[in-house]
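Position 1 is the first residue of the sequence, and the numbers go up from there. All values below were derived from every heavy atom in this structure, side-chain atoms included, with hydrogens, water molecules and symmetry-related copies excluded. Since this is a predicted model, take the numbers as computed values, not measurements. Remember, it's 1-based here, ligands and their atoms both numbered in the order they're listed.
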Amino acid sequence: MISIEKDGLKYYQFERLNNLGVRHGFFTRLGGVSPAPFDSLNMAITVGDSNENVLENLRRMFNALDLDLASRYDGWQVHGATVICTDVPRDIRTRTIRTDGIVTDNPDVTLVMRFGDCVPVLLYDPVKKVSAVYHAGWPGTVLQIGQQVVRNMSEVYGCDPADLIAGIGPSIGPDHFVVRDDVRNRFLASFPEDAEKLIFEQDGLIHIDLWKANRITLENAGVTKIDTAEICTVCHLNEWFSHRGDHGKTGRFGVLINFG
Ligand SMILES: [Zn+2]
C-alpha cells in the first residue's frame with residue numbers, strides 16, 4: 001500500500017489498482033471539518049455529525065481524486081449480504097437503498113462506502129471494466145458477502161473471477177478483534193474447513209482474523225489476485241475511525257473507487 005497526502009487529507013491506495021489507472025482511496029480521518037468525536041474527515045451523518053460537515057468532507061474526498069461529487073453511488077449499509085448493480089450515480093433526492101455491496105460497469109460512477117472497523121473491500125475487473133466495493137463487518141463476513149459480490153460481477157457483467165483484482169483495506173485486525181462464544185460459533189458454522197486459520201485464543205480471549213476470512217471467501221469464489229492492507233484501525237486511532245477503539249463515539253471513514 002502507498003499513502004498520499006494532499007490538501008491536508010491522507011489516503012491509502014493499492015499499487016496494483018494504481019498501476020491500472022483505477023482512482024481509489026481509503027481515506028484516513030485527517031483533513032476534514034468535523035469536530036470531536038467525529039474529527040475530522042467523517043463521512044456519516046448517522047453518527048451525530050451535521051449534514052453540512054459531512055457534505056464538505058465528501059467534497060474534499062472527491063476533490064482529492066479529481067472526481068465529481070455528483071458521480072457518487074452510496075448505500076445504506078446494514079450488515080447484510082445484499083448487492084446492488086448500478087449503471088448510474090445515485091439520485092441524491094431519493095433515499096439510499098439498503099445494501100452492503102455495490103457493483104458498476106459505468107466509468108462515470110464513483111462507488112462510495114463508509115467504515116469504522118468493518119472490512120472494506122474493493123474489486124476491479126480490468127478486462128470487462130467493472131468495479132465493486134463491499135462492506136464486510138463480522139456479520140457480512142459470516143454471510144460471505146464477497147461471494148455474492150463476485151457472483152453478481154460474473155452473472156450480470158460476465159466477469160471471470162480469475163481476472164479480478166481485490167484489495168482488502170484497513171479494519172479491525174486479528175490482534176484487536178476479540179469476540180464472544182456466539183460470534184465464534186457463527187464463524188465455525190460459516191467456515192467449517194478453515195476455522196483453525198481464522199480463530200485463535202490468546203490470554204483466554206477469542207480472536208478472529210477478518211482479513212483472512214474475507215480472503216478465503218474471495219479465493220473460494222475464484223479470485224486469486226488479492227492484496228491486504230494489514231492496517232488495524234484500533235492500533236492507529238490517529239488515522240482511522242474505530243468503533244471499538246473510540247468506544248462507540250466516533251465517525252466513519254470513506255472508501256471510494258472509480259475506474260473512469
Ligand atoms: Zn490492532
| Ile92 CD1: over 12 foreign heavy atoms closer than 6.0 Å |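 No - once you tally the heavy atoms of other residues, nucleotides and ligands closer than 6.0 Å, there are 12 at most.
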Looking at the Zn ion (ligand 1), which N/O/S atom of His176 is the nearest one?
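The His176 atom nearest to the Zn ion (ligand 1), restricting to N, O or S, is ND1.
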Tell me, which N, O or S atom in Asp175 is closest to the Zn ion (ligand 1)?
->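 Distance check against the Zn ion (ligand 1) picks out OD2 in Asp175.
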His236 backbone or side-chain N/O/S under 2.8 Å from the Zn ion (ligand 1):
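No, since none of the N, O or S atoms of His236 sits under 2.8 Å from the Zn ion (ligand 1).
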Are Asp39 and Arg29 ion-paired here, with the side-chain N under 4.0 Å from a carboxylate O?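 Yes, charged N to carboxylate O under 4.0 Å.
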Checklist entry - Centres of the Phe14 and Phe26 rings: under 6.0 Å? => result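 Yes, ring centres under 6.0 Å apart.
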Q) Does Ser71 use its side chain to pair, donor to acceptor, with the backbone of Asp68 at less than 3.5 Å? A)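 Side chain of Ser71 to backbone of Asp68, a donor-acceptor pair under 3.5 Å: yes, one is there.
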